[in-house]
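Working notes for the structure below.
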Amino acid sequence: VLLAAYMGYVGLGAGVLRALERPAEVREAQRLLQQHWELLSNHTCLRGAALHRFIQGVIQAYKSGVTLQENATNLGRWDFSGSFFFSISAITTIGYGNLSPNTAAGRIFCILFALFGIPLNLVLLNEIGQLMLLGVQRCAHRLEEVLHWQKKASLLIKTCALVTGLLLFLLLPPLLFSEKEGWTYEEGFYYSFITLSTIGFGDYVIGMNPDRTYPGWYKNVISLWILFGMAWLALVIKLCINFLE
């Protein structure tokens, strides 16, 4: 029964997503083909095969973190702050997919780094989550002693903790992303949840716009936000699991 419910839920998601996203995919494909033929017809010196190779080269370079800016290239995704952010995304299993090692040595190191880093990350998240839970329980116990409430105090403190977590990890960060990345609030909220839940599609990633200048503290602060936000969201998901079970 549980397996049937699971497959039914996934099937429902697939049907809704197909209805919502398929028309946009078709329109985007038609627009791309139209631009391709317009470019070839307006610039007869271009050849289809050469243009295709150039496009593939641009795509491959972008995946490696290199983008064109007029007559120069933009580097910086593999500086220390970028590498630190990639390391966080690797051991937290977010894995955005927009950036990955291109050298054989880098790939081998990434395997070894993640092999020991993922358990270390899980242990740390568990400890942070337990500290958060302990803080909530102590606050509830203190409130019970002061106000002589029992179940009401626990419910009040848990509600306050939930609201505080929502503000710190889901509702307020999109405002920062709107300022630094130029995203809408909805895009920032979407990125926040997709990141903290470790889904990590990679369609939105902070610090990757070559047209923007980011402060040095930006990626480091976001890395800490990811760490503590994942611990908080894990507690919320655990509550949902207990409810479902």
Side-chain angles (χ1 to χ4, degrees), residues 1-22 24 88-97 114-144 149-175 177 183-206 222-245:
V1 173
L2 182 60
L3 178 60
Y6 178 86
M7 296 304 296
Y9 188 77
V10 174
L12 174 64
V16 172
L17 287 171
R18 184 186 185 282
L20 293 175
E21 298 296 329
R22 181 65 176 178
I88 287 286
S89 67
I91 64 174
T92 55
T93 69
I94 296 173
Y96 290 113
L115 184 63
F116 294 98
I118 291 174
L120 177 62
N121 176 74
L122 292 175
V123 170
L124 179 60
L125 288 181
N126 183 62
E127 289 297 321
I128 294 175
Q130 292 300 321
L131 287 175
M132 289 180 176
L133 191 59
L134 182 62
V136 171
Q137 291 172 348
R138 284 182 176 179
C139 290
H141 182 68
R142 182 63 177 169
L143 193 62
E144 287 176 5
W149 290 350
Q150 293 181 350
K151 293 183 178 180
K152 290 183 179 179
S154 178
L155 180 62
L156 178 61
I157 293 298
K158 288 180 180 180
T159 303
C160 291
L162 179 62
V163 172
T164 302
L166 281 172
L167 286 172
L168 290 177
F169 301 120
L170 287 178
L171 298 179
L172 292 180
L175 299 176
F177 299 142
W183 298 342
T184 64
Y185 185 86
E186 177 271 327
E187 290 172 332
F189 184 83
Y190 167 80
Y191 167 78
S192 298
F193 181 80
I194 293 300
T195 294
L196 297 184
S197 60
T198 71
I199 296 173
F201 289 125
D203 48 352
Y204 289 91
V205 184
I206 59 104
I222 298 303
S223 298
L224 291 176
W225 165 76
I226 289 175
L227 193 61
F228 285 93
M230 284 180 60
W232 172 81
L233 190 59
L235 290 177
V236 176
I237 292 175
K238 186 178 181 180
L239 291 175
C240 295
I241 291 173
N242 293 335
F243 174 76
L244 288 173
E245 288 182 341

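Residue numbers start at 1 and run along the sequence shown.
When the side-chain contact (heavy atoms from CB on, under 4.5 Å) test is applied to Ile118, the partners found at least two apart in sequence or on another chain are Thr93, Ala114, Leu122. For the side-chain hydrogen bond (donor to acceptor under 3.5 Å, both in side chains) test, no residue two or more places apart in sequence or in another chain qualifies with Ser192. Partners of Thr184 under the side-chain hydrogen bond (donor to acceptor under 3.5 Å, both in side chains) rule, at least two apart in sequence or in another chain, are Glu187. Scored by the ring pair (Phe, Tyr, Trp, His ring centres under 6.0 Å) test, Phe228 finds no partners at all (sequence neighbours excluded). Applying the side-chain hydrogen bond (donor to acceptor under 3.5 Å, both in side chains) rule to Asp203 yields the partners Tyr190; only residues at least two apart in sequence or on another chain are considered. Every side-chain contact (heavy atoms from CB on, under 4.5 Å) that Leu134 has, sequence neighbours left out, goes to Gln137, Arg138. Every residue two or more places apart in sequence or in another chain that forms a side-chain contact (heavy atoms from CB on, under 4.5 Å) with Leu124 is listed here: Ile128, Leu227. Under the rule for a side-chain contact (heavy atoms from CB on, under 4.5 Å), the partners of Leu171 that lie at least two apart in sequence or sit in another chain are Leu166, Leu167, Tyr185, Phe189.
Considering only heavy atoms from C-beta on, Leu168 stays 4.5 Å or farther from Trp225 through its side chain. Within the 4.5 Å cutoff, no side-chain heavy atoms of Leu120 are placed close to those of Ile91. Proximity of Tyr6 to Leu2: side-chain heavy atoms (C-beta onward) are nowhere separated by under 4.5 Å.
When all heavy atoms are compared, the tightest approach of Thr198 to Met230 is CG2-CE, 3.3 Å.
A distance of 10.0 Å separates CD1 in Ile206 from OG in Ser89, rounded to the nearest 0.5 Å. Separating the CE atom in Met7 from the CG atom in Leu12 is a distance of 12.5 Å, to the nearest 0.5 Å. For the atom pair CG of Leu196 and CD1 of Ile94, the computed distance is 7.0 Å after rounding to the nearest 0.5 Å.
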Enumerate donor-acceptor pairs with a distance under 3.5 Å from any side-chain N or O in residues 231-245 to protein atoms, sequence neighbours excluded.
unit_1	atom_1	unit_2	atom_2	d
Asn242	ND2	Lys238	O	3.3

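In this pair, Tyr191 and Tyr96 present their aromatic rings parallel. The plane angle is below 30°, not in the 30 to 60° band.
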